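Right, one structure below, let's go through it.
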2 protein chains.
Amino acid sequence: MEAWRLSQMLVTLAERAKADFASTVAPLGLPMHLARALAMLDEPAPMSELAERLECDRSYITSLADQLEERGLAGRVPGTDRRVKLLALTNEGRELRDKIAAAVSAGSMMLTRLDDEQRASLAPLLERLLGDELVVL
Amino acid sequence: MEAWRLSQMLVTLAERAKADFASTVAPLGLPMHLARALAMLDEPAPMSELAERLECDRSYITSLADQLEERGLAGRVPGTDRRVKLLALTNEGRELRDKIAAAVSAGSMMLTRLDDEQRASLAPLLERLLGDELVVL
DNA sequence: TATTGTTATACTCTATAACTATA
DNA sequence: TATAGTTATAGAGTATAACAATA
């Protein structure tokens with residue numbers, strides 16, 4: 001069955017893509033989950049929104065936020081609704097986020113294994129697979 | 001940067017593909033890692049070979065083998081080298097493996113979101129991304 | 001009463017190190 | 001001495017449930 005074989009490859013690729021990303025980011029001193037969180041903080045976002053975008057529990061966002069704060073990469077700022085806290089990158093956080101983007105662009109599997117044309121044909125397929133949901137790291 | 005965006009999508013897809021596979025397989029009573037192991041046991045294989053193919057430590061294979069045995073899905077059989085143990089599917093294991101393949105073929109993201117032509121163009125790109133290593137679930 | 005974030009806790013997956021048996 | 005598998009243990013990542021503050 002073709003779908004079965006594709007699924008097998010996709011799951012294998014999933015493991016590999018994560019390992020690839022993790023090892024690209026490790027030299028910058030970041031575990032993968034923090035790098036992902038950093039990458040989606042272009043603008044301050046409510047913690048509950050992060051939970052949605054990362055598809056994880058709110059309590060885990062608390063833990064991520066604590067770790068980002070400890071490292072001086074982000075801070076909690078109050079929202080207008082006083083129950084809400086926004087997570088916002090510090091200058092240091094923004095710098096690191098840019099370094100991550102550069103490192104991944106330079107060293108990831110995507111660049112080393114595919115040429116321009118192949119990347120161009122892969123993009124719309126990935127978009128389709130990801131569906132209409134937000135495309136976030 | 002295009003590579004950066006593709007990497008972001010790929011990591012997101014990685015999470016989703018695994019969740020997709022896991023939830024497809026869950027109704028059959030199997031956690032994902034056991035389903036993966038099952039899928040690569042077409043023929044009896046030394047435990048150390050499984051460790052290579054799953055890219056994990058040998059000790060973890062011991063744990064997987066224990067779980068497969070408890071469920072009556074596979075058994076350890078001695079190899080010619082008496083240090084080696086082969087892991088081999090039972091009949092029950094083979095049946096379940098076939099059910100998994102059928103369920104994934106019928107219900108996975110690959111089928112529901114892509115048409116035949118798109119799947120045909122995705123396959124060679126995935127192969128390229130996976131490189132020359134074994135393509136295994 | 002419903003929602004946001006926090007705390008405390010526990011579970012799953014996986015690795016490391018030390019060990020046994022065999023080569 | 002080196003290799004295959006096992007055992008005991010530990011860590012990372014993440015979830016669940018109960019809770020406080022605010023709406």
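Values reported hereafter were calculated over all heavy atoms of this structure, with side chains retained and with hydrogens, waters and symmetry mates removed. Because the structure is a prediction, the values reported are computed rather than measured.
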- According to the salt bridge (charged side-chain N to carboxylate O under 4.0 Å, His left out) rule, which pairs have a member within residues 78-90 of chain A, sequence neighbours left out? A:Asp81-A:Arg83
- Query: How would you give the extent of chain A contacts on DNA chain D, as first and last nucleotide 5' to 3' within a 4.0 Å heavy-atom cut-off?
  - Reply: D:dG13 to D:dA23
- Under the side chain to side chain donor-acceptor pair (under 3.5 Å) test, residues paired with B:Ser63 that sit two or more places apart: B:Gln67
- pair A:Arg113-A:Gln118: side-chain heavy atoms closer than 4.5 Å: no
- In chain order, what residues pass the salt bridge (Lys or Arg N to Asp or Glu O under 4.0 Å) check against A:Asp57, with sequence neighbours excluded? none
- Closer to the 5' end of DNA chain D via nearest nucleotide, is it A:Leu64 or A:Thr80? A:Leu64
- Strand-adjacent residues in residues 22-30 of chain A, judged by heavy atoms under 4.0 Å from DNA chain D: none
- Residue set satisfying side chain to side chain contact (heavy atoms under 4.5 Å, CB included) with B:Glu69, at least two apart, ordered chain then number -> B:Arg76
What are the atom names and distances for every N/O pair under 3.5 Å that joins the protein to nucleotides 5-10 of chain C?
unit_1	atom_1	unit_2	atom_2	d
C:dG5	OP1	A:Met47	N	3.2
C:dG5	OP1	A:Lys85	N	3.0
C:dG5	OP1	A:Lys85	O	3.0
C:dG5	OP2	A:Ser48	N	2.6
C:dG5	OP2	A:Ser48	OG	3.2
C:dG5	O3'	A:Lys85	NZ	3.3
C:dG5	N7	A:Arg58	NE	3.1
C:dG5	N7	A:Arg58	NH2	3.1
C:dG5	O6	A:Arg58	NH2	3.4
C:dT6	OP1	A:Arg76	NH1	2.7
C:dT6	OP1	A:Lys85	NZ	3.2
C:dT6	OP2	A:Thr62	OG1	2.9
C:dT6	OP2	A:Arg76	NH1	2.9

- Item | side chain to side chain contact (heavy atoms under 4.5 Å, CB included) against A:Ser108, all qualifying residues, sequence neighbours excluded | A:Asp20, A:Val104, A:Met110, B:Ser7
- Item | Partners meeting side chain to side chain donor-acceptor pair (under 3.5 Å) with A:Asp115 (sequence neighbours left out) | none
- What's the CG-C1' distance between A:Asp81 and C:dT3, to the nearest Å? 8 Å
- Note on the structure: Here the salt bridge (charged side-chain N to carboxylate O under 4.0 Å, His left out) pairs for residues 88-106 of chain B, sequence neighbours left out, are B:Asp42-B:Arg97
- Task: Send over the distance from B:Phe21 CZ to C:dC13 P, rounded to a whole Å.
- Result: 13 Å
- Note on the structure: Judged by nearest nucleotide, the residue sitting upstream toward the 5' end of DNA chain C, B:His33 or B:Arg82, is B:His33
- Message: Within the structure provided, determine whether A:Leu10 and B:Leu13 are in side-chain contact (heavy-atom separation under 4.5 Å).
- Response: yes
- Please name all residues satisfying side chain to side chain contact (heavy atoms under 4.5 Å, CB included) with B:Pro124, sequence neighbours left out, ordered by chain then number. none
